[in-house]
Amino acid sequence: MYKGKARAYTNIALIKYWGKQDETFILPMNNSLSLTLDAFYTETTVAFSPDFTQDRFTLDGVVQTDAATKKVADFLDLVRKKADCPWYATVESQNFVPTAAGLASSASGLAALAGACSEALDLNLSEQALSRLARRGSGSACRSIYGGFAEWHQGTDETSFATQVPSNGWEEELSMIFILINAQAKEVSSREGMRRTVETSSFYPGWLSATATDLVKMKQAIAEKDFTALGETTEANALKMHGTTLAAEPPFTYWSSESLRAMECVRMLRKKGLACYFTMDAGPNVKVLCQKQEEQTILRELSAHFASEQLVTAHAGKGLAFLPVEESSPIN
Ligand code: DP6
């Protein structure tokens, strides 16, 4: 039996990935840039054995549905091919998230799975090769191989991976406060949402050209440690991404009335002189980017509007870590 274990942290895109050129290889329509965070992560143990008769996937101790297991099994097929190993596998993942408010992350999950597989089968992959592999599981996962800021480059199967964005450690001065909002409406997955947008949204070409400009601004903001530019570009880019969904056919949105209230609250804090900016992904939660020095003041202000359990603070997280497989692990 071959076993491996890895931990990966989630990341939040400041320049969003929204749309694929190639669904099989998961090649994006645009470069994206993210910040890896410490508050949410996944630990995954994988074991390949000639004795297994099928792939098995448990998350937080619960055996997963056929659909979730298929996503993992498809990924395992890629790894099996790479390693020339025909054995089925058992995958045990644990998500470390403060609450179950829709924060399960495919980025940390697939990055941890890529790491655990590489370790189990002794693939000895470089960070770039791990990033390429994680990308095949879920696009955003390729950025979670790195701590701090990471940029995912569009390209071919060979050339599309994430790289570290040099920042002189600036990410250590930043915070991201999550405002957790429960989804009421039925969710459109990010996979389905971006597919529909690329295929039908008349706003999509505008998104692509604007994002190229936003990326240049973002990298300049990081190089110059310019928080205002970082925040303004983050918020504007998220709004543009969400704008594309309104022109899709049929149209949809990830915003709930509570999301709008949270965005309004952030704007109000800015009017009071606090430097904070929001971003949102394929769900109603709002994430507020600010500087550590103002984090407590901003949290205090936000807690006048949201319950304390709705507010979770994160800081910059680390890259992928390989972990020893404990003897007590359920897989042995
Ligand atoms: C809105 O990486 O979850 O969070 O590649 O289809 O698995 P797949 O999608 P996924 O999409 C993330 C979309 C996003 C923006 C981002 O993280 O860049």
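Atom set for the values below is all heavy atoms of this structure, side chains included, hydrogens, waters and symmetry mates excluded. Every number for a ligand or one of its atoms is a count from 1 in the order of the listing.
Here the protein heavy atom with the shortest distance to atom 16 (C) of ligand 1 is Arg143 NH2, 3.4 Å. In this structure, the protein non-hydrogen atom closest to atom 7 (O) of ligand 1 is Ser138 OG, 2.6 Å. Remark: minimum distance from atom 14 (C) of ligand 1 to any protein heavy atom is reached at Asp281 OD1, 3.8 Å.
Note: an N/O pair closer than 3.5 Å links Ser140 and ligand 1 by distance alone. Inclusion of Lys16 in the set of residues having an N or O under 3.5 Å from an N or O of ligand 1 is not warranted. By the 3.5 Å distance cut-off applied to N or O atoms, Trp18 is not counted among the residues near ligand 1. Note: no N/O pair closer than 3.5 Å links Ile15 and ligand 1 by distance alone. Where the criterion is an N or O separation shorter than 3.5 Å, residue side chain and backbone included, Tyr17 meets it with respect to ligand 1.
At a 4.0 Å heavy-atom cut-off, ligand 1 does not touch His242 at all. Contacts of Leu110 with ligand 1, taken as heavy-atom pairs under 4.0 Å, are absent altogether. Under 4.0 Å from ligand 1, not a single heavy atom of Ser32 appears.
Close contacts of ligand 1 with Met194, meaning ligand atoms under 4.0 Å from a residue heavy atom, involve 9 (O), 11 (O), 13 (C). Close contacts between ligand 1 and Gly139 involve ligand atoms 2 (O), 5 (O), 7 (O), 8 (P) [criterion: under 4.0 Å to a heavy atom]. The atoms of ligand 1 that sit less than 4.0 Å from any heavy atom of Ile26 are 5 (O). Atoms of ligand 1 found under 4.0 Å from any heavy atom of Ser190 (numbered from 1 in listed order, with element): 3 (O), 9 (O), 10 (P), 11 (O). Close approach of ligand 1 to Ala13 is summarised as follows: ligand atoms under 4.0 Å from at least one heavy atom of the residue are 16 (C), 17 (O), 18 (O).
Ser138 and Lys71 share no donor-acceptor pair across their side chains, judged by distance under 3.5 Å alone. Using modelled atom types and a 3.5 Å distance limit, the side chains of Glu151 and Asn31 yield a donor-acceptor pair.
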Any chance you could lay out the side-chain hydrogen bond (donor to acceptor under 3.5 Å, both in side chains) test for Asn11 and Ser144, step after step, and finish with the verdict?
CA-CA 6 Å; Asn11 71 75; Ser144 274; 2.9 Å; yes
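Using a 4.5 Å heavy-atom threshold, the side chains of Val288 and Leu269 count as separate.
For the side chain to side chain donor-acceptor pair (under 3.5 Å) with Asn95, the qualifying choice from Thr44, Thr42, Thr10 is Thr42, the only one to do so. With Glu235 as the fixed residue, the side chain to side chain donor-acceptor pair (under 3.5 Å) test singles out one of Lys240, Arg267, Arg270: Arg270. If you run side chain to side chain contact (heavy atoms under 4.5 Å, CB included) between Asn237 and each of Thr211, Leu215, Thr279, only Thr211 comes through.
For the atom pair CZ (Phe178) and CG (Leu37), the distance works out to 5.0 Å, reported to the nearest 0.5 Å. The CD atom of Gln64 sits 4.5 Å away from the CG atom of Leu59 when rounded to the nearest 0.5 Å.
Under a hydrophobic-cluster definition in which Ile, Leu, Val, Met, Phe, Trp and Tyr are linked whenever side-chain heavy atoms come within less than 4.5 Å, directly or via other members, Phe161 and Phe75 are assigned to different clusters.
Ring centroids of Phe48 and Tyr2 are separated by 6.0 Å or more, keeping the two rings apart.
Nearest to atom 6 (O) of ligand 1 by heavy atom, out of Met280, Lys20, Glu192, Lys71, is Lys20.
Using a 4.0 Å cutoff on heavy atoms, Ser106 counts as a contact of ligand 1.
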